[in-house]
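Structure record follows, encoded as structure tokens.
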Amino acid sequence: MTETAAPEVRLGNDIARQFAHLPDGDAVARIADHLLRFWDPRMRARLRDLVAAGDPDLDARVVVAAELL
């Protein structure tokens with residue numbers, strides 16, 4: 001991850017690391033749930049924009065979770 005990664009990338013990847021012990025499908029569901037419960041709608045919108053732009057620093061499970069929002 002680059003030092004200038006957006007806060008949403010850093011936070012999303014931190015969340016993904018917390019669920020790394022789970023199978024991918026379960027991890028994605030837990031990440032999506034966390035994003036819906038605890039992230040401000042503006043943060044979720046910025047994350048979706050980063051996913052749409054193909055940010056290379058985003059964990060793949062965060063990308064899938066963001067697409068579920």
Side-chain angles (χ1 to χ4, degrees):
M1 180 171 23
T2 63
E3 292 180 23
T4 59
E8 293 79 13
V9 172
R10 290 192 314 271
L11 291 169
N13 289 349
D14 286 347
I15 295 165
R17 277 191 292 280
Q18 295 299 315
F19 298 118
H21 66 285
L22 298 173
D24 283 345
D26 293 339
V28 166
R30 299 281 292 273
I31 294 165
D33 180 60
H34 182 93
L35 298 175
L36 284 170
R37 293 176 69 186
F38 299 108
W39 280 32
D40 181 274
R42 292 168 294 179
M43 290 177 70
R44 292 193 302 265
R46 284 193 298 269
L47 178 62
R48 285 191 299 270
D49 290 344
L50 291 164
V51 168
D55 190 302
D57 292 328
L58 276 168
D59 183 288
R61 293 164 296 185
V62 175
V63 171
V64 176
E67 290 170 347
L68 294 175
L69 301 178

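Everything numeric here is computed off the predicted structure, so don't read it as measured data. The first residue in the sequence is number 1, and the count goes up from there.
The CG atom of Leu11 sits 10.0 Å away from atom CG of Leu47, with the distance rounded to the nearest 0.5 Å. Here CG of Asp14 is found 11.0 Å from CD1 of Ile31. Values are rounded to the nearest 0.5 Å. One distance of note links CD of Glu67 with CZ of Arg48; it measures 11.5 Å at 0.5 Å rounding.
Considering every non-hydrogen atom in both Phe19 and Ala27, the closest pair reads O-CB, 3.5 Å. Contact detail for Ala32 and Ala65: the closest heavy-atom pair is N-CB, 3.8 Å. A pairwise comparison of heavy atoms in Val62 and Ala16 identifies CG2-CB, 3.8 Å as the closest pair. Shown here for Met43 and Glu8, the closest heavy-atom pair between the two residues is O-CG, 3.7 Å. What you find for Val28 and Val64 is that their closest heavy atoms are CG1-CG1, 3.6 Å.
With Asp57 contributing its side chain and Ala5 its backbone, the two residues share no donor-acceptor pair below 3.5 Å. Remark: the backbone N or O of Trp39 is paired with a side-chain donor or acceptor of Arg44 at under 3.5 angstrom.
The residues Arg37 and Asp33 are annotated as salt-bridged, a charged nitrogen and a carboxylate oxygen being separated by less than 4.0 angstrom.
Hydrophobic cluster membership differs between Val51 and Leu68, with clusters built from Ile, Leu, Val, Met, Phe, Trp and Tyr side chains linked at under 4.5 angstrom. Hydrophobic clustering of Ile, Leu, Val, Met, Phe, Trp and Tyr side chains at less than 4.5 Å, counting indirect connections, unites Val63 with Leu36.
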Q. Yes or no on side chain to side chain contact (heavy atoms under 4.5 Å, CB included) for Ile15 and Leu35, after CA distance, side-chain angles and deciding distance?
A. CA-CA 9 Å; Ile15 295 165; Leu35 298 175; 4.1 Å; yes

